[in-house]
Amino acid sequence: MLIGLSGAGKTSVAPHAARLLNSAWCDLDQRVVAQAGLSIPEIFVAHGEAHFRKLERAAMAAALAEAPQVIATGGGWAAEPGNLAAIAGRTLVIYLSLSPIEAGRRLGGLRDRPLLEVASPERRMTELLAVRERWYRLADIEIAVGEASPDVVAAGIATAARQYGSW
């Protein structure tokens with residue numbers, strides 16, 4: 001099992017990594033949306049962030065019960081108390097680090113992220129990173145993404161998975 005911690009560009013990197021590893025992949029946010037029958041912004045408006053995080057934990061538990069796969073999480077999943085501890089020793093967790101500026105570039109005009117629905121999404125990403133990075137640093141491996149293409153990042157993930165994750 002391999003989990004990549006990243007919001008920006010995760011749906012373009014995860015399938016490439018899975019293909020290189022001859023594995024399935026899933027996007028945790030997509031699973032939550034499918035299960036809830038609501039978009040992420042709709043979940044936040046109707047039920048709040050705490051409910052979304054509960055759905056996210058349940059989606060992760062379901063993914064972990066399946067065959068080994070690449071699991072792409074959103075940026076907030078790892079920063080929720082207990083989430084990383086719950087999977088310790090069962091997975092290889094990779095932190096895909098990138099600057100808020102690069103994250104913003106990769107996200108482009110996406111509007112499905114309620115925590116970024118502010119006047120300055122870049123400033124908000126900087127604030128979120130400042131709070132969350134201590135959790136991200138608990139990952140087994142960090143891959144500095146920089147401006148690398150999804151293919152290059154996926155190759156790094158596949159190499160790390162083979163070297164450290166018994167793939």
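Sequential numbering from 1 along the given sequence is applied to the chain's residues.
Of all the heavy atoms in Ala14 and Trp25, the pair that sits closest is CB-CE3, 3.5 Å. Contact record, Phe52 with Asp29: CZ-OD1, 3.6 Å, taken as the closest heavy-atom pair. Pro150 and His16 make their closest contact through CB-CD2, 3.9 Å (heavy atoms, listed as atom of the first residue, atom of the second, distance). Scanning all heavy atoms of the two residues, the minimum distance from Ile143 to Ile157 falls at CD1-N, 3.7 Å. Taking all atoms of both residues into account, the shortest heavy-atom contact from Arg31 to Ala62 is NH1-C, 4.1 Å. Ala139 approaches Ile94 most closely through the heavy-atom pair CB-C, 4.3 Å.
Atom OG1 of residue Thr159 and atom OH of residue Tyr164 lie 10.0 Å apart, to the nearest 0.5 angstrom.
Side chains of Met60 and Glu56 form no contact here, defined as non-hydrogen atoms less than 4.5 Å apart. No side-chain heavy atom of Val93 sits under 4.5 Å from any side-chain heavy atom of Glu142. For the pair Ile43 and Val45, the minimum side-chain heavy-atom distance is 4.5 Å or more.
The backbone N or O of Trp135 sits nowhere less than 3.5 Å from a side-chain atom of Tyr95 that would complete a donor-acceptor pair. In this structure, the side chain of Asn83 engages the main chain of Trp77 through a donor-acceptor pair within 3.5 Å.
When hydrophobic clusters are built by joining Ile, Leu, Val, Met, Phe, Trp and Tyr residues whose side-chain heavy atoms come closer than 4.5 Å, directly or via intermediates, Leu96 is not grouped with Val152. Both Leu55 and Phe44 are part of a single hydrophobic cluster, where members link through side-chain heavy atoms under 4.5 Å apart. Leu98 and Ile141 fall within the same hydrophobic cluster, defined by Ile, Leu, Val, Met, Phe, Trp and Tyr side-chain heavy atoms under 4.5 Å apart, directly or through other members.
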| message | With side-chain contact (heavy atoms from CB on, under 4.5 Å) as the criterion, how do Arg57 and Val32 come out once you've worked through the C-alpha distance, each side chain's angles and the decisive distance to 0.1 Å? | response | CA-CA 9 Å; Arg57 278 189 297 281; Val32 168; over 6 Å; no
| field | side-chain contact (heavy atoms from CB on, under 4.5 Å) assessment of His47 paired with Leu38 | value | CA-CA 11 Å; His47 305 288; Leu38 299 169; 4.1 Å; yes
| Does the side-chain contact (heavy atoms from CB on, under 4.5 Å) test come out yes or no for Trp167 and Leu92, once each step is laid out? | CA-CA 10 Å; Trp167 282 74; Leu92 176 66; 5.5 Å; no
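Checked for salt-bridge contact, Arg123 and Glu127 miss the test: no charged N lies under 4.0 Å from a carboxylate O.
Using a 3.5 Å distance cut-off with no hydrogens or angles, the side chains of Ser23 and Gln69 do not pair a donor with an acceptor.
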